[in-house]
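Right, one structure below, let's go through it.
These numbers were taken from a predicted model, which means no experiment stands behind them.
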Amino acid sequence: MPIDLDGSCSGLQNLGMALRCEITGEAVNLVPAAKPADIYTKVMNKVVAHMESVVGECTSEDEAKVKALAVAKAYYLKEVKGASGQKWPAILNRIAGDVVSKDKGEREVLREYKQVVAMYTG
């Protein structure tokens, strides 16, 4: 017995159904529409827009690294418990030396830095 089903991102379809979320339902073709939705393109467009907003104006890897340090510092000061501007130079030295810290907060700061650099270098 043939069954016609749309399997466009079925995990999100299940989540949309469980939450009865119309926005998710529209994005994964659970709600009738004139044109099929494409959740993958929507996500890609948001990622590209974010990357452009972070490193779009950089013209070199060095500029991207300066931007990455600014992003990492902002993350550090906002998210890491006990963070302070006085401690930042030590964190900066560890980032520059690519030293893996045992401290979870410092590892997350290094991850933020590497993510921004990777946005530029691809």
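Closest non-hydrogen pair, Ala37 versus Ala27, comes out as CB-O, 3.5 Å.
Applying the side-chain hydrogen bond (donor to acceptor under 3.5 Å, both in side chains) criterion to Glu61, with sequence neighbours excluded, gives no partner residue. When the side-chain contact (heavy atoms from CB on, under 4.5 Å) test is applied to Lys104, the partners found at least two apart in sequence or on another chain are Arg107, Glu108. Partners of Glu106 by salt bridge (Lys or Arg N to Asp or Glu O under 4.0 Å), not counting sequence neighbours, listed by chain and number: Arg94. For Thr59, the side-chain hydrogen bond (donor to acceptor under 3.5 Å, both in side chains) partners at least two apart in sequence or on another chain are Glu63.
Through direct or relayed side-chain contacts under 4.5 Å between Ile, Leu, Val, Met, Phe, Trp and Tyr, Val80 connects to Leu69, Tyr75, Tyr76, Leu77, Trp88, Ile91, Leu92, Ile95, Val109, Leu110, Tyr113, Val117.
Atom-to-atom distance recorded for Ser10:OG and Asn29:CG is 12.0 Å, nearest 0.5 angstrom.
Pairs of residues two or more places apart, or lying in two chains, that qualify as salt bridge (charged side-chain N to carboxylate O under 4.0 Å, His left out) and include a residue from residues 112-122 are Asp98-Lys114.
Under the 4.5 Å side-chain heavy-atom criterion for grouping Ile, Leu, Val, Met, Phe, Trp and Tyr, Leu15 is connected to Val28 within one hydrophobic cluster.
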Below 3.5 Å, can you tabulate the donor-acceptor pairs from side chains in residues 41-55 to any protein atom, sequence neighbours excluded?
| residue | atom | partner | partner atom | Å |
| --- | --- | --- | --- | --- |
| Thr41 | OG1 | Asp38 | OD2 | 2.4 |
| Asn45 | ND2 | Thr41 | O | 3.3 |
| Ser53 | OG | His50 | O | 2.7 |

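A heavy-atom distance below 4.5 Å is not found between the side chains of Thr24 and Leu19.
Within a 6.0 Å radius of CD in Glu79, more than 12 heavy atoms belonging to other residues, nucleotides or ligands are found.
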